[in-house]
Amino acid sequence: MAEKSFLEAELEDLRTRCERVVEGSKLIACVPQVVQVKITRTSFKELTAHFQFGPDYPASPLVIELKSKPLDFKLLQGLEKICHEEATKYLNKQQVIPLLQFIRKFIDENPLCVCRGELAHIQQNLLQEGDTIKLKQKSSQIHLMVRGGPYFIKMCFTVPDYYPLEKLGVECADHNFPELFKQNFIGHCVEIARKSVEPPIRKNPKAPPFEPKPSLKAIADFLFTDCVKRYYKEPCAACKAHALPPDPKDIVKEPRADNHIERVYCGHIYHHKCLDTYMKTPPFTGGKKCLSCSNRIYHEKWSITPEVAEARWAHKQAKDRELDEVIDFLK
Ligand SMILES: [Zn+2]
Ligand SMILES: [Zn+2]
């Protein structure tokens with residue numbers, strides 16, 4: 001009977017104090033069979049703790065089960081385990097409130113818990129030798145370094161408290177790609193982050209209502225697969241020779257130089273000279289298509305309409321003919 005009265009007293013204490021001393025808590029059930037408390041920091045950082053008490057409680061630790069819709073299952077499993085260890089510190093004492101405070105503190109001090117599933121994807125499926133990921137729980141940041149041969153890009157992602165309702169912060173901390181490549185990469189990443197939280201301006205009436213969604217996984221997939229691990233070995237789509245120099249120090253910076261690397265809209269790359277020749281050679285009908293994927297090439301350096309390209313080409317041909325005639329004449 002002594003144990004029961006201890007528990008009864010603890011439950012009574014819980015009813016009067018719990019919601020006051022554990023921030024964001026809501027007591028759902030409070031009976032000797034089970035105590036259920038919901039803890040909410042944001043709608044994406046909320047969980048329900050279920051406590052059960054053995055016959056010799058509080059001489060034994062309470063039994064904890066954590067449930068959450070938004071939080072990752074593996075995270076909850078890990079948290080259950082450390083909660084169990086924590087409970088053993090309170091043997092023969094009231095355990096519920098200290099445990100609830102412990103859980104609340106964990107959520108507060110580990111803001112990256114909202115993206116544990118996305119982080120696991122990066123670690124298990126994307127990270128290769130030479131790549132690194134560092135989690136900075138204090139500043140809620142993820143430092144990611146991705147390498148592709150001699151090339152690398154270092155990213156810093158900031159996960160806001162209300163992620164994924166709020167937009168993921170995306171910054172490039174360092175890189176050794178051509179500047180335009182980096183601008184394209186980061187621009188695309190920022191765009192993925194933005195589209196994940198902002199509804200499209202032009203709504204598709206058939207589309208389901210817009211809901212903000214996480215963007216870290218999509219951004220990491222793009223960075224690893226479509227950027228860093230791709231370009232160092234990608235050939236020029238026209239001449240098929242290696243495009244980016246094996247040593248990043250040899251990157252050609254002069255934008256009109258023959259070996260300057262151009263990245264076109266579809267993502268394929270060309271030597272400046274190869275692309276220039278191709279863009280100025282017919283056929284022009286329907287615009288010039290990428291030699292790798294047949295997508296229309298859009299590039300600011302060759303932003304003329306097919307008609308203008310055709311006219312220019314004809315003009316150049318005429319000039320060349322004139323020149324030939326002059327040369328013939330001189331023979
Ligand atoms: Zn080429
Ligand atoms: Zn292409």
Side-chain angles (χ1 to χ4, degrees), residues 125-126 128 146-153 155 170 172 175-195 200 215 217-317 319-320:
N125 305 328
L126 299 178
Q128 293 172 19
V146 193
R147 283 179 194 280
Y151 290 86
F152 74 89
I153 197 156
M155 298 295 296
V170 178
C172 174
H175 74 99
N176 63 357
F177 277 91
E179 189 57 29
L180 268 176
F181 277 58
K182 176 228 141 187
Q183 282 175 21
N184 278 326
F185 295 169
I186 305 305
H188 194 86
C189 291
V190 168
E191 193 56 11
I192 297 176
R194 188 191 65 76
K195 276 188 182 161
S215 54
K217 178 182 178 289
I219 289 173
D221 283 341
F222 169 74
L223 269 176
F224 277 81
T225 315
D226 297 330
C227 304
V228 184
K229 304 223 180 264
R230 168 180 169 180
Y231 284 109
Y232 75 96
K233 52 187 177 191
E234 179 133 331
C236 165
C239 72
K240 308 294 178 203
H242 202 272
L244 283 178
D247 188 338
K249 281 203 284 294
D250 301 329
I251 288 171
V252 177
K253 297 209 172 78
E254 165 52 43
R256 307 268 165 192
D258 289 358
N259 277 342
H260 185 262
I261 305 301
E262 308 291 349
R263 187 171 170 273
V264 295
Y265 187 72
C266 57
H268 288 112
I269 55 181
Y270 294 78
H271 295 110
H272 178 81
K273 177 78 183 163
C274 297
L275 186 57
D276 192 55
T277 306
Y278 175 61
M279 293 302 279
K280 291 176 177 168
T281 310
F284 300 107
T285 330
K288 300 298 286 183
K289 306 267 166 43
C290 173
L291 290 164
S292 268
C293 68
S294 301
N295 276 304
R296 174 85 183 265
I297 293 181
Y298 295 97
H299 197 295
E300 61 198 11
K301 283 187 192 163
W302 295 271
S303 58
I304 53 172
T305 62
E307 293 72 32
V308 174
E310 185 84 54
R312 278 194 192 165
W313 180 77
H315 183 71
K316 186 172 177 290
Q317 290 300 103
K319 269 241 154 130
D320 288 352

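Atoms within a ligand are numbered from 1 in the order they appear, just like the ligands themselves. Counting begins at 1 with the first residue of the sequence.
Pro150 approaches Pro248 most closely through the heavy-atom pair O-CG, 3.6 Å. When every heavy atom of His268 is checked against every heavy atom of Ala237, the shortest pair comes out as CB-CB, 4.5 Å. Heavy-atom minimum distance, Phe222 versus Cys189: CD2-SG, 3.8 Å.
Residues passing the side chain to side chain contact (heavy atoms under 4.5 Å, CB included) test with Lys316, sequence neighbours excluded: Asp320. Scanning for side chain to side chain contact (heavy atoms under 4.5 Å, CB included) contacts around His175 gives Ile153, Cys172, Phe177, Glu179, Lys182, with sequence neighbours left out.
Per residue His268, closest N, O or S atom to the Zn ion (ligand 2): atom name ND1.
Centred on the Zn ion (ligand 2), the SG atom of Cys293 and the SG atom of Cys290 lie at an angle of 110°, reported to 10°.
Take a cut-off of 2.8 Å around the Zn ion (ligand 1): the protein N, O or S atoms inside it are Cys236 SG, Cys239 SG, His271 ND1, Cys274 SG.
Sorted by first and then second residue, the pairs that involve residues 226-247 and meet side-chain hydrogen bond (donor to acceptor under 3.5 Å, both in side chains), not counting sequence neighbours, are Asp131-Lys229, Arg230-Glu234, Tyr231-Arg263.
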>> Under the criterion ring pair (Phe, Tyr, Trp, His ring centres under 6.0 Å), I'd like the reasoning laid out for His299 against Tyr265: C-alpha separation, chi angles, the key distance, then a yes or no.
In response: CA-CA 7 Å; His299 197 295; Tyr265 187 72; over 10 Å; no
